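Inspection log for the structure reproduced underneath, given as structure tokens.
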Amino acid sequence: MFISTAPQNRATPPTQDLFDAIEGLKKEMNAVVLAHYYQEPDIQDVADYIGDSLGLSQQAAQTQADVIVFAGVHFMAETAKILNPDKLVLLPDLNAGCSLADTCPPDQFAAFKAQYPDHLVVSYINCSAEIKAMSDIICTSSNAVKIIQQIPPEQPIIFAPDRNLGRYVAAQTGRDLVLWQGSCMVHETFSERRLVQLMMEYPHAEVVAHPECEEPVLRHAHFIGSTTALLNYVQRRELDQFIVVTEPGIIHQMEKQVPHKLFIPAPGLNNCACNECPHMRLNTLEKLYLAMQNRTPEITMPEAIRVAALKPIQRMLAMSV
Ligand code: 13P
Ligand code: SF4
């Protein structure tokens, strides 16, 4: 990718191939670029590792790099920082938040938790460091069922913040979970009606969906899983058409892995582009380059929060092997 000539200063990328410039900075800084599947294709193509939330935290826990450039949203980069207090963790756009994490303000969650003093708190990784610090175990969409299954049946559990994932996990495990009523605005944008219309248009396609979707949508899914699980499923399944009910960024990897197959993104309501996560899409290749060049924006947090949030993340990592 070439960018046009412009006066050179620290805020302007040089007129050269941006991919090469990022590769050069990676070596110079001993940096690793970790990207979520919901990032724009250019970012996925420049990343050293692309994955779902669990894979990304496992990579962050193992990396030998001095600098982690996190192409994802704030809670993901924050998790990398919690695991790596001595490393520089960069997020290309510090405003890349998460509508789901925002549905769980720490003060309100503390009051909610106080109503259930004998409950264990299992929180989906899509939450702030403050919520993680109030949790006993973190989970992601790929290990939530496995983690709940490892908790003794007599132990009551609060599951936060995603009510849709919580409801799905409760159904899969037969556990009665106390749910915090949060949700993701991107995954709740898919309409069952539009999905059924699409299924009629593509009668040979299977529906693959992320568990953050609402129950009426999930009811139509042939397969439900995290982004990595969806990617693996469409690769191994001997079928060549899939309706994809999650953020369409994942389709870039699906098309790369199995180019002969057709992937149809499920539309948002009214055919808007609201099935794209507006937070994830705040990151661009240019911002990623500038973040590396300027070594900012950097993720920081109070040490007490970091230490408290580390324990439930470490538990998750140990329970996921
Ligand atoms: P996974 O990365 O676990 O698939 O979750 C998707 C998501 O919504 C991340 O915000
Ligand atoms: Fe958050 Fe939803 Fe975006 Fe994932 S897709 S980062 S849960 S707003």
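Worth saying up front: this structure is predicted, and the values here are computed from it rather than measured. One-based numbering, in listed order, for ligands and for the atoms of each.
Near Tyr38, with a cut-off below 4.0 Å to any heavy atom, the atoms of ligand 2 are 5 (S). Close approach of ligand 1 to Ser226 is summarised as follows: ligand atoms under 4.0 Å from at least one heavy atom of the residue are 4 (O). Set against the non-hydrogen atoms of Asp52, the atoms of ligand 1 under 4.0 Å away are 1 (P), 2 (O), 4 (O). Atom numbering of ligand 1 starts at 1 in the shown order; those under 4.0 Å from a heavy atom of Tyr124 are 5 (O). Close contacts between ligand 2 and Glu212 involve ligand atoms 2 (Fe), 7 (S) [criterion: under 4.0 Å to a heavy atom].
Rounded to the nearest 0.5 angstrom, His187 NE2 and Thr189 OG1 are separated by 10.5 Å. With rounding to the nearest 0.5 angstrom, the CD1 atom of Ile151 is 7.5 Å from the CD atom of Gln155. In this structure, Phe242 CZ and Phe223 CZ are separated by 10.5 Å, a value rounded to the nearest 0.5 Å.
Within 6.0 Å of atom NZ in Lys311, 12 or fewer heavy atoms from other residues, nucleotides or ligands are found, so the atom counts as exposed in its surroundings. More than 12 heavy atoms of other shown residues, nucleotides or ligands fall within 6.0 angstrom of atom CD in Glu201. At most 12 heavy atoms of other shown residues, nucleotides or ligands fall within 6.0 angstrom of atom CG in Asp176.
The heavy atom nearest to atom 4 (O) of ligand 1, out of those in Thr227, Leu56, Leu230, is found in Thr227.
Side-chain contact between Gln241 and Glu206: absent, with no pair of heavy atoms (C-beta onward) separated by less than 4.5 Å. Considering only heavy atoms from C-beta on, Met316 comes within 4.5 Å of Ile147 through its side chain. Side-chain contact between Tyr124 and Ser141 is present, with at least one heavy-atom pair separated by less than 4.5 Å.
Atom 1 (Fe) of ligand 2 lies at 2.8 Å or more from every N, O or S atom belonging to His279. In summary, Cys277 places an N/O/S atom under 2.8 Å from atom 3 (Fe) of ligand 2, meeting the contact criterion.
For the ligand labelled ligand 1, residue Met76 lies inside the 4.0 Å heavy-atom shell. Residue contacts with ligand 1: Tyr38 is included, with a non-hydrogen atom under 4.0 Å away.
In this structure, the protein non-hydrogen atom closest to atom 1 (Fe) of ligand 2 is Cys98 SG, 2.3 Å. Looking only at protein heavy atoms, the nearest one to atom 2 (Fe) of ligand 2 is Cys184 SG, 2.3 Å. Regarding atom 3 (O) of ligand 1, its nearest protein heavy-atom neighbour is Ser141 OG, 2.6 Å.
Here's the thing with Asn126: one of its N/O atoms is less than 3.5 angstrom from an N/O atom of ligand 1. Where the criterion is an N or O separation shorter than 3.5 Å, residue side chain and backbone included, Glu212 meets it with respect to ligand 1. For ligand 1, one of its N or O atoms has an N or O atom of Ser53 under 3.5 Å away. In terms of N/O distances under 3.5 Å, ligand 1 is approached by His36. Note: an N/O pair closer than 3.5 Å links His210 and ligand 1 by distance alone.
For the side-chain hydrogen bond (donor to acceptor under 3.5 Å, both in side chains) criterion with Arg163, the lone passing option out of Glu215, Glu214, Glu212, Glu188 is Glu188. Considering Ile68, Val89, Ile50, Val69 as possible partners of Leu34, the one that fulfils the side chain to side chain contact (heavy atoms under 4.5 Å, CB included) test is Ile68.
The proximity of Met185 to ligand 2, defined as any non-hydrogen pair under 4.0 Å, does not occur for either the backbone or the side chain.
When ring centroids are compared, Trp180 and Phe159 stay outside the 6.0 Å threshold.
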